[in-house]
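Contents: one structure, followed by commentary.
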Amino acid sequence: MFKRVLIANRGEIALRISRALRELGVEVCIIHGREDRLSLPVRLSDRAIPLYRSNPLDSYLDYEAVIQAAIDIGAEAIHPGYGFLAENSHFAKRCEEEGITFIGPSAEVISLLGDKIEARKAMESAGLPVARGSESAISDTETASKLAEKIGYPVIIKAAAGGGGIGMQIVNEESVFESALNLCQSRAKSAFGDSRVFVEKYIEGAQHVEFQVLADGTNAIHFGERFCSIQRRHQKLVEEGPWLTPEVREEIGNRVCEGAISVGYKGLATFEFLRDKHGDFYFLEVNPRVQVEHTVTEMITGHDLVKLGIRIAAGEKLPLTQSQIIFSGHAIQCRLNAEDPIKFVPSPGKLWDCHFPGGNGVRVDTHAHIGYEMPGCFDSLLAKLVVLGVDRNEAISKMKAALKETTLIGVETVIPLHQAIMDEPDFIARDITIQYLEKHHNLLG
Ligand code: MV4
C-alpha cells in the first residue's frame, strides 16, 4: 500500500477519499484553493498544500502545480476524485512520466474512452449493445443524412469529444438535419476544440441505467446497476438501486466486465446505458472514475468502492470474485445541492445551522458543518443523503423521514423538490424516464 497520497479535489469527495486513505493506513495530503482553506477535508488532512489562484477553479486544475506538490511532499500517488482532473488524460500521462501513480485507469485508456466514437467501437467489438449509428466520425453531410435516412428519424448527433450532453442535437426530420449537424460540429469545436461528431438512432422514452465495475487490468467484476433517470440538464438528482432483475443484471454485468477487460481497464469504472421501454440496452459511455453516486452501490453491496479503487492502483489484483458481490435491500440517494429548488441557480452562503439525519440505514456524505461558508464558484453539491431499506418502499419512507430531519439554515437547497418527488405517484410506481422532470412540471413549484 502507498505510504502517502495526495488528494486533488475538494468538498464531500475529498472527505470520502480521506476516510478511505485513513482506513488503509495511508497519510492524507491535499491541495486546496483559498475558499477551502478552513474546510473539513483540509483540516482533517495530515498535510495541506495551498495552491491559491485568482480563479478559484484553477487551484484544482493547474495540474503541473498539483504534480509539483506531490513531488515536494513525497506523495506516491494522486487521487483525482471526480470532476476537475479526473478524466484528463494529459494529467494522467504527466503523472506516469513523473513516476506518480494516478489513481484511475492509464492515460491511454482515459483517452480511448474520452473519444465517444472510439469507445463505442471498442465496446461494440466487446459485445456490448449499441444503438444503430455511424461507425466513425461524420465527414460529409450527404453520407450522414443518407445514414440518418437508413437508421430512421429521430436521430441524435453527438460530439466525439463530448459526454455530458454538450452540443447534442436531436433531429426529427431530414429537412433540419444539415443545420443540426453544423450546429453540433461548431458547438463541439468551441467546447472541445474537436469538431468530430457521430450519429445514432435516438432512443425515445429511455431510462438511464449504469453499471459499476472494478477491474485490475486483467480481470473485472461488477457491482450491479444504479438507476439515475431523475436528472436536470445532465445533473443527476436522485439515484437508486438495484433496478433490474438478477437475470438481466447478470447478463449486462458479464458484458460490461468483458468490455472493461478488452481495453485493459484498471480501477473503478461506470458503464452508462439507455434502457428503452422494451427493456433493450444501448451503451452510451464509460466514466473512468469514482462517481458521486458510488454510495448507492456501497449501501446495497456493503463493499467500500473507494478503498478498492486505491488498492487496485497500489498494484493489488482484484481481491474479490463476482460471487462475493451480493445485493441486499434497496438504496436511494438524494443530492442535496445548495440551489434554488425551482430554478436550480446556486445559493451560496454561510450555514448558520446544520443538522443531518442518522439512524439505521441512513448515511450522509458531506463536508458541511455549522459555520461552513458554501462557495458559489464550485459545484453546488453540499451533501449526499443515502438510505438503505429492505425494499424500495421502505427506502422511500426512510428518505422522507431523513429529508424531514435535515436542517440547513443559510442557503437554499433542493430538499423541497426531493420531498415532492418522494410523494409523486409515477416515482412511487417506478414509472420514470430521463424526461421525468420535464414531464412533472408540478414538482417545480
Ligand atoms: C442518447 C439519448 C437518446 N438516444 N443517445 C445524454 C448525455 C450523454 N451521455 C448521452 N445522452 C443521451 N444520449 C441516444 N442514442 C439521450 C441522451 C440523454 C440522456 C441520457 C442519460 C441521462 C439523461 C439524458 C438526458 C437527455 C438526453
Side-chain angles (χ1 to χ4, degrees), residues 82-83 86-87 113-124 128-135 137-138 144 147-148 150-172 177 180-181 183-184 187-188 191-192 194 196-212 225-241 243 252 256 259 269-289 291-293 296 333 335 344 421 427 431-440:
Y82 53 67
E87 296 174 56
L113 297 174
D115 184 326
K116 305 308 162 194
I117 297 173
E118 290 300 313
R120 192 184 126 95
K121 206 187 289 173
M123 293 309 152
E124 187 178 15
L128 270 67
V130 299
R132 295 188 65 197
S134 48
E135 242 100 273
I138 297 255
L147 176 71
K150 201 175 98 192
I151 298 170
Y153 287 93
V155 297
I156 184 167
I157 311 173
K158 302 180 183 180
I166 298 171
M168 236 168 48
Q169 298 291 318
I170 299 162
V171 189
N172 288 302
F177 184 83
L181 179 67
L183 186 57
C184 188
R187 293 258 166 89
F192 313 109
D194 177 351
R196 292 174 308 127
V197 301
F198 65 108
V199 172
E200 271 185 356
K201 175 78 187 168
Y202 181 72
I203 310 300
E204 292 173 273
Q207 300 187 328
H208 178 106
V209 175
E210 58 184 33
F211 272 76
Q212 178 68 59
E225 76 286 358
R226 297 182 287 259
F227 178 69
C228 315
S229 291
I230 302 191
Q231 47 79 45
R232 171 150 155 146
R233 295 198 206 113
H234 307 291
Q235 284 286 84
K236 293 165 187 160
L237 274 166
V238 181
E239 297 111 339
E240 59 177 301
W243 194 253
I252 306 294
V256 295
T270 298
F271 282 65
E272 293 191 353
F273 292 89
L274 289 173
R275 177 177 181 259
D276 71 12
K277 56 177 183 291
H278 310 292
D280 290 329
F281 283 78
Y282 304 92
F283 167 78
L284 283 180
E285 53 195 73
V286 182
N287 297 319
R289 53 178 160 82
Q291 284 195 276
V292 177
E293 62 271 27
V296 165
Q333 169 165 283
R335 295 192 190 188
F344 296 91
I421 292 170
F427 174 78
D431 187 0
I432 307 161
T433 70
I434 56 176
Q435 277 89 37
Y436 179 83
L437 284 184
E438 283 115 272
K439 289 190 173 160
H440 294 82

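When a ligand or atom number is given, it counts from 1 through the structure's own listing order.
With respect to K121 and E124, no salt bridge is recorded, no charged nitrogen being found less than 4.0 Å from a carboxylate O.
For the pairing with T270, the side-chain hydrogen bond (donor to acceptor under 3.5 Å, both in side chains) check across E210, R226, R289 returns one residue only, R226.
Using a 4.5 Å cut-off on side-chain heavy atoms (C-beta onward), I434 and Q231 make contact. The side-chain heavy atoms of M123 and L113, taken from C-beta on, include a pair separated by under 4.5 Å. Between N172 and Y153 the shortest side-chain heavy-atom distance does not fall below 4.5 Å.
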Please step through side chain to side chain contact (heavy atoms under 4.5 Å, CB included) for the pair E293 and R335, ending with a clear verdict. CA-CA 9 Å; E293 62 271 27; R335 295 192 190 188; 3.1 Å; yes

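Closer than 4.0 angstrom to ligand 1 by heavy atom are I156, K158, G165, M168, E200, K201, Y202, I203, H208, Q231, H234, E272, L274, L284, E285, I434, sorted by chain and number.
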